[in-house]
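One-based numbering, in listed order, for ligands and for the atoms of each.
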Amino acid sequence: MWCRCIAAAAALAMLPVALLASPSALAEDGYDVWLRYRPLDQAHSAAAAVPALAAPASTPAQGAARDELLRGLGGLLGTRPALIEKVDRDGALVLGTPASSPLVAGLELDLAGLGEEGYLIRSVRIGGHAATVIAANQDIGVLYGAFHFLRLAQTGQSLSSLDLRESPKVKIRVLNHWDNLDRHVERGYAGESIWDWHRLPDWLDPRYTDYARANASIGINGTVLNNVNTSAQALTPMYLDKTRALAGVFRPYGIKVYLSARFSAPIEIGGLKTADPLDPAVRRWWKAKADEIYALIPDFGGFLVKANSEGQPGPQDYGRSHADGANMLAEAVAPHGGIVMWRAFVYSHEEPDDRAKQAYTEFVPYDGTFADNVLVQVKNGAIDFQPREPFHPLFGAMPKTPLMMEFQITKEYLGFATHLAYLAPMYEEALRADTHARGPGSTVAKVVDGTLEGHALTGMAGVANIGVDRNWSGSHFDQANWYAYGRLAWDPDAGSREIAQDWVRMTFSTDPAFVAPVVDMMMGSREAVVDYMTPLGLHHLMGRGHHYGPGPWVAGGPRADWTSVYYHRADRNGIGFDRSAGGSDAVAQYAAPVARQFGDLATVPEEFLLWFHHVPWDHRMASGRTLWDELVLRYGRGVDYVKSMRRTWDGLAGQVDAERHRQVAVFLAIQEKEAQWWRDASIAYFQTFSKRPLPKGEAPPPHTLEYYESLQFPFAPGDGK
Ligand code: BDP
């Protein structure tokens, strides 16, 4: 990347001034993500001028902060600041911890309460000169502060009279890579895995450093390198050595590595006959494995485990519980300070109960029995990362257990990498949902950040959307989801609009005439996907296996809860899954006020209507329309939104470089085509049940239902394998 930057800078220097003013003259491929550091306009660069930098660099972590500021300010302002040891002029930037920098120590700043990762940025005077200090208790806080300072400059904010204090509200902020050792990424739409296992540990692709920089810039402090559906080989000495090498690259950036652990590894790579968590030989094996890992990687984070879920092995294979399994691993890593992230995404083969209820049923009885270094990792909703789900009933229902949030950043169910869908409003919706666990105001965010029950060990996981594609995420706008996830993991109360504003300014342009329409377009984009795929609480209606495109007709196969008909239950009377007291009674898993609201057809929010109720086709909606008419209109509304995004984006040509503009424009055209396909296929299918005409003005689907059903996509990307 940096070669490219230097080349670009050299090219820039030779360009006539008139051309410099035109962003469209400079091609960009998105590799730099939001850390582009392109020259600020004159007004902003004058205001942001930083002539000198006093920054220690005696450790790799300190070096990372200093280098980032040199690179960032150099790019933004056109000249790199001079490196100084003493403040001898106005405008210097001073960074460090009291231990690393005598200048910082001399300021006697109030760093208490900032913790290990927090920082402050403050305008101060040193030796009679105006200066800005970025100070923290640890080097990593300084690095986070450096990125924050750069963000202020990049987004055109004032750098004078600063007084900022920041520390993360959530402790473990990790990406989950669903990457296999053969580099296939399960549900990945950005090319192969960035982990080049075959060439590791010797070849350390410079991408790994840029990956760490991007993550550190948004406060991500951990990464689980391998898929939750993992092979045990990831724990063999050969692969552990490769993991050690990656850990070495990430360490200066405050990023710990974690591994997904296959529960049956003691059998598969340990030669044991069992993986029973209560078997002493099995326990010894895991302890020895943990010791082996920590000897290589002293700051190894711990294990992520998917057990007894979708065919993965687990403690129940031996008649043991999730707590037995988690606690055995927890015991192995505890002496080294490691943690276990035990997933609650479970639903059993034998259990015929509503799938939405099963995680709660299986986990709630074990509340209070998990070891202190175990977090239970819960998806935002009870089914599976659908475009819209009500919050998972486990949030608020396991007060004695730290519950980690698991969001999906990769868009398995929201149009893969081609559809523009900004997911922060979806994350925000889940985090702000009120569980009522301890009365009103018991939001999911408070469960996750530990404040509701007083947990110090807290976490958030995001299933990564990263691959080897030049732009990392498969599309330019999908970088925003990676970015927003990090910002919300740092502060679950942050606002998705403000995050989008920062991202647009850093990624494209600070021009308000560009920022405002693009942010508006992003903010409504997820709702549009809900509309054209699964309006009014519908869910799980996608193509079988690969999950590409509409498949409301999907039926049969190995298990009912992998079909669409199981979820929509359309018949001649109506549509929707009855989870009220008269149905599966899933509503009873929520606290009483929530259960009442969701369980009553009169009070359930319309966006969850068909999630909780089977509703007659002629049911009157708030709009006065019948359910059938409303459904059809929502499908169309989603398509219309995509059309409006295309118009907006087309109108912004010239305000963004042609290379990125063109790809976004073409992807939006694909999105429109696919949104239309979702609408047409869904209407063609559901009309066979409703037997009602389309509302006036609504175009009939151009093809027969048989046509939509006949479409096959054997090579759609990202399938599990
Ligand atoms: C589903 C995915 C599947 C994952 C599973 C999980 O389709 O590929 O393995 O979630 O989270 O969304 O374990």
Side-chain angles (χ1 to χ4, degrees), residues 174-182 184-190 193 224-231 234 258-263 303-314 316 322 325 341-349 355-356 358-359 362-363 375-389 392 394 403-417 421 423 426 430 459-465 467 481 485 529 533-534 539-549 551 554 557-559 561-564 566-567 713 716-721:
V174 289
L175 287 181
N176 287 185
H177 285 267
W178 284 1
D179 296 17
N180 295 341
L181 300 181
D182 65 2
H184 172 75
V185 182
E186 184 158 343
R187 313 309 175 184
Y189 312 103
S193 167
V224 186
L225 300 175
N226 56 330
N227 192 355
V228 287
N229 301 318
T230 180
S231 89
Y258 298 75
L259 289 171
S260 291
R262 184 163 163 91
F263 201 77
F303 295 126
L304 170 65
V305 187
K306 172 177 178 177
N308 292 119
S309 161
E310 300 186 328
Q312 293 298 315
Q316 292 172 348
H322 284 292
M341 298 169 284
W342 191 269
R343 295 179 85 226
F345 178 66
V346 297
Y347 56 102
S348 101
H349 267 276
R355 176 170 149 189
Q358 294 182 32
E362 281 198 40
F363 274 81
L375 296 116
V376 171
Q377 183 169 311
V378 183
K379 289 187 181 180
N380 57 291
I383 296 295
D384 195 2
F385 297 139
Q386 293 301 293
R388 168 165 281 126
E389 299 197 25
H392 201 302
L394 273 175
L403 296 189
M404 237 176 125
M405 172 62 83
E406 179 176 324
F407 284 131
Q408 195 176 46
I409 308 172
T410 189
K411 302 208 311 301
E412 175 180 0
Y413 301 102
L414 289 105
F416 293 5
L423 301 183
M426 181 173 85
M460 201 186 283
V463 179
N465 63 355
N481 295 328
Y485 162 72
V529 179
M533 288 188 182
T534 50
H539 50 290
H540 205 288
L541 303 181
M542 62 291 161
R544 195 198 293 271
H546 49 62
H547 298 168
Y548 173 64
V554 168
R559 41 187 306 162
D561 53 9
W562 282 356
T563 67
S564 303
Y566 174 87
Y567 294 99
F713 305 96
D719 213 345
K721 68 169 191 186

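Only side-chain heavy atoms of Tyr413 come within less than 4.0 Å of ligand 1; its backbone N, CA, C and O stay farther off. Looking at Val463 against ligand 1, nothing comes within 4.0 Å, counting heavy atoms.
Glu362 and Tyr347 are not linked by any side-chain donor-acceptor pair at a separation below 3.5 angstrom, with hydrogens and angles left out of the test. For Gln312 and Asn229, the side-chain atoms include at least one donor-acceptor pair closer than 3.5 Å. At a cut-off of 3.5 Å, with distance as the only test, a side-chain donor of Gln377 or Asn176 sits close to an acceptor on the other residue.
The aromatic rings of Phe416 and Tyr189 lie parallel to each other, with less than 30° between the two planes, well short of the 60° mark. Note: His546 and Phe713 have perpendicular aromatic rings, judged against thresholds of 30 and 60 degrees for the angle between ring planes.
Near Phe345, with a cut-off below 4.0 Å to any heavy atom, the atoms of ligand 1 are 5 (C), 6 (C), 10 (O), 11 (O), 13 (O). Per-residue contacts place Glu412 under 4.0 angstrom from the following atoms of ligand 1 (heavy atoms of the residue considered): 1 (C), 2 (C), 7 (O), 12 (O). Heavy-atom proximity to Arg187, at under 4.0 Å, picks out these atoms of ligand 1: 2 (C), 3 (C), 7 (O), 8 (O). Near Asp384, meaning under 4.0 Å from any of its heavy atoms, are these atoms of ligand 1: 1 (C), 10 (O), 12 (O).
Nearest to atom 10 (O) of ligand 1 among the protein's heavy atoms is Lys379 NZ, 3.1 Å. Counting protein heavy atoms only, atom 9 (O) of ligand 1 is closest to Asn229 ND2, 2.9 Å. What sits closest to atom 3 (C) of ligand 1 on the protein, heavy atoms only, is Glu186 OE2, 3.4 Å. Shortest contact from atom 13 (O) of ligand 1 to any protein heavy atom: Lys306 NZ, 2.6 Å.
Within the 4.0 Å heavy-atom shell around ligand 1 one finds Arg343.
The shortest non-hydrogen separation linking Arg559 to Asp561 is NE-OD1, 2.7 Å. Taking every heavy atom of both residues into account, Pro313 and Arg262 meet most closely at CD-NH1, 3.4 Å. Nearest heavy atom pair, residue Gly314 against residue Ala307, reads CA-CB, 3.8 Å.
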